[in-house]
Amino acid sequence: MQKTILITGGAGFIGSHVVRLFVNKYPNYQIINLDSLTYAGNLENLQDIEDKENYTFIKGDITDEVFINNLFEVEKPDSVIHLAAESHVDRSITDPLAFAKTNILGTMILLNAFKNLWSANWENKLFYHVSTDEVYGTLGETGLFTETTAYDPNSPYSASKASSDHFVRAYGETYNLPYVISNCSNNYGSYQFPEKLIPLFINNIINNKALPVYGDGNYTRDWLYVMDHAIAIDLIFHKGVVTETYNIGGFNEWKNIDLVKLLCQQMDLKLKRESGSSEKLITYVKDRPGHDLRYAIDATKINKELGWEPSVTFQEGLSKTIDWYLDNNEWLENVNSSAYKNYYKDQYE
Ligand code: NAD
Ligand code: DAU
């Protein structure tokens, strides 16, 4: 079946994996990648597919209402897979309004444009909102987030994503807009900007820089290899039930400090450095304000209903990820730009 799919945020970390998967797997689909290329958007992430016939890149901002309405009128996308967002919790603490603008207003502008285009006939149309497990707030030592866990966000980032989820549902209830939402745990893998824990620490180990562990390091996250997220998005897009939510997670909880130690061991081996040398870089620093203690996803629903499960173990995924960063030094050098250096100085020094 022919389709035109607008993927927002396709030049970012997860978006680039989703765009590549769809462009390669579905030659009948026209894939439009809409991205404003913030510091986190990088067309180098998509060099291998940029000449494909079913792929188009459009530079544009989802908060620019006139531009978005015009784009929808011209391109008439049957579906939207919406990933564009400000995505880093620490940046949301220093600049919360930027998160409200892109994540809430930007999502509403897309919803509105989609509604204006198709509300006379919603047949075969879908708005897929890619969201996060952070909307559920924090867990204590036990328990898991399910699709019915109450929203309880704690950071400006997670509050903005929770708000955008609510608007997607509200458009479904009010205008019958067909939607699905997925809430995923922490992703890791290639092309992730080195501000997030795993690529930041790989980058710092390569450069013999301190590894800034927030607080006591006893915070827990549930890690998922990014390709497994992209595969889940493909499944939900094609087989998910409209108006449903799906939680996606790795069944893979790690305390930050244990993960960092594992990463240090693997880096020592791969860089042929003396065992224990990377661990010496661990430095405990001031905690993140409002730091959520623990995230963990119950992914039973997507597993039982859509047959999805992670395909890669954490050891394998982490090893592949480290290899990718070591083999793609030029990519890393390019993103270690002066703008990023300024952010790093403000955040850590
Ligand atoms: P990212 O920060 O790597 O990429 C975001 C992309 O959105 C970038 O390419 C950026 O240029 C683009 N963008 C930002 N503002 C824009 C705007 N106003 N207009 C157009 N484009 C804009 O993010 P990511 O980690 O790939 O996350 C993608 C999505 O998945 C986000 O919605 C995020 O909330 C969600 N998510 C991320 C994770 C994770 O672990 N990274 C987990 C669950 C859900
Ligand atoms: O759970 C899904 C979310 O995962 C996504 O929605 C977000 O977009 C994504 O950024 C991620 O959020 P986290 O805040 O969990 O990821 P981050 O990599 O920033 O941090 C992971 C953990 O590591 C967290 O407990 C904070 C800690 N940390 C992070 C950084 C950057 C440190 O100890 N030191 C650091 O320098």
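Both ligands and their constituent atoms are indexed starting at 1 by order of listing.
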Does the ring centre of [Y] sit less than 6.0 Å away from the ring centre of [X]?
X: Y26; Y: H238; result: yes
X: H82; Y: Y128; result: no
X: H291; Y: Y219; result: yes

(request) Kindly confirm or rule out an N or O of A84 lying under 3.5 angstrom from an N or O of ligand 1. (result)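 Min N/O separation from ligand 1 is not below 3.5 Å for A84.
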
(message) Are any of the N/O atoms on N187, whether in the backbone or the side chain, positioned under 3.5 angstrom from an N/O atom of ligand 1?
(response)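 For ligand 1, there is an N or O atom that lies under 3.5 Å from one belonging to N187.
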
(message) If the test is side chain to side chain contact (heavy atoms under 4.5 Å, CB included), which one of L177, I81, V242 qualifies with F127?
(response)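 Among L177, I81, V242, the one that satisfies the side chain to side chain contact (heavy atoms under 4.5 Å, CB included) with F127 is L177.
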
(request) Answer yes or no on whether K3 is positioned over the face of F22, meaning its NZ or CZ is under 6.0 Å from the six-membered ring centre and within 45° of the axis. (result)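 No, K3 does not sit over the ring of F22.
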
Out of [options], who gets a non-hydrogen atom closest to [atom]?
atom: atom 14 (C) of ligand 1; options: A85, S160, G9; result: A85
atom: atom 1 (P) of ligand 1; options: G249, S131, S87; result: S87
atom: atom 16 (O) of ligand 2; options: T132, N186, L197, V135; result: N186
atom: atom 18 (N) of ligand 1; options: D61, I233, V130; result: D61
atom: atom 30 (C) of ligand 2; options: Y214, F13, W223; result: Y214
atom: atom 42 (C) of ligand 1; options: S36, G41, S164, S185; result: S185
atom: atom 32 (O) of ligand 1; options: K161, K196, K59, Q192; result: K161

Considering the heavy atoms of [X], write down every atom of ligand 2 situated less than 4.0 Å from one of them.
X: P212; result: 32 (C), 33 (O), 34 (N), 35 (C), 36 (O)
X: K196; result: 10 (O), 18 (O)
X: Y295; result: 1 (O), 15 (O)
X: H291; result: 24 (C), 25 (O), 26 (C)
X: E195; result: 31 (C)
X: Y157; result: 5 (C), 6 (O), 7 (C), 8 (O)
X: C184; result: 2 (C)
X: V213; result: 33 (O)

Going by distance alone, is a donor N or O of one side chain under 3.5 Å from an acceptor N or O of the other, for [X] and [Y]?
X: N124; Y: D78; answer: no
X: K320; Y: S190; answer: no
X: D268; Y: S278; answer: yes
X: N203; Y: Y325; answer: no

Check each heavy atom of [X] against ligand 1 and say whether those closer than 4.0 Å belong to the side chain, the backbone, both or neither.
X: N186; result: backbone
X: H88; result: neither
X: W223; result: neither

Please write down residue, atom name and distance for the protein heavy atom closest to [atom].
atom: atom 23 (O) of ligand 2; value: N256 ND2, 3.4 Å
atom: atom 9 (C) of ligand 2; value: S87 O, 4.0 Å
atom: atom 19 (O) of ligand 2; value: R288 NH2, 2.9 Å
atom: atom 36 (O) of ligand 2; value: Y348 OH, 2.6 Å
atom: atom 1 (O) of ligand 2; value: D133 OD1, 2.5 Å
atom: atom 12 (O) of ligand 2; value: E134 OE2, 2.7 Å

(request) Scan N247, T146, N154 and name whichever one has a side chain to side chain donor-acceptor pair (under 3.5 Å) with Y136. (result)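 Testing Y136 for a side chain to side chain donor-acceptor pair (under 3.5 Å) against N247, T146, N154 leaves exactly one candidate, N247.
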
(request) Pick out which of T245, D165, N183 makes a side chain to side chain donor-acceptor pair (under 3.5 Å) with H129. (result)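 Option passing the side chain to side chain donor-acceptor pair (under 3.5 Å) with H129: D165.
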
(message) Residue-level breakdown please: for S185 versus ligand 2, do any non-hydrogen atoms fall below 4.0 Å on the side chain, on the backbone, on both, or on neither?
(response)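 Backbone only.
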
(request) Quick one: look at D222 and ligand 2, take heavy-atom pairs under 4.0 Å, and tell me if it's side chain, backbone, both or neither. (result)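 The answer is neither; D222 stays 4.0 Å or more away.
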
Tell me, please: is [X] in heavy-atom contact with ligand 1, that is, under 4.0 Å?
X: T8; answer: no
X: Y188; answer: no
X: A11; answer: yes
X: G10; answer: no

(request) Fit a plane to each ring of Y39 and F193, take the angle between them on a 0 to 90° scale, and name the class: parallel (under 30°), tilted (30 to 60°) or perpendicular (over 60°). (result)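 Aromatic pair Y39/F193 classed perpendicular.
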
(request) Would you check if I302 and I248 make a side-chain contact, meaning some heavy-atom pair closer than 4.5 Å? (result)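 Side-chain contact under 4.5 Å: yes.
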
(message) Hydrophobic cluster membership, with links at side-chain heavy-atom distances under 4.5 Å among I/L/V/M/F/W/Y: are Y171 and I62 in one?
(response)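 Yes; I62 is reachable from Y171 via cluster members.
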
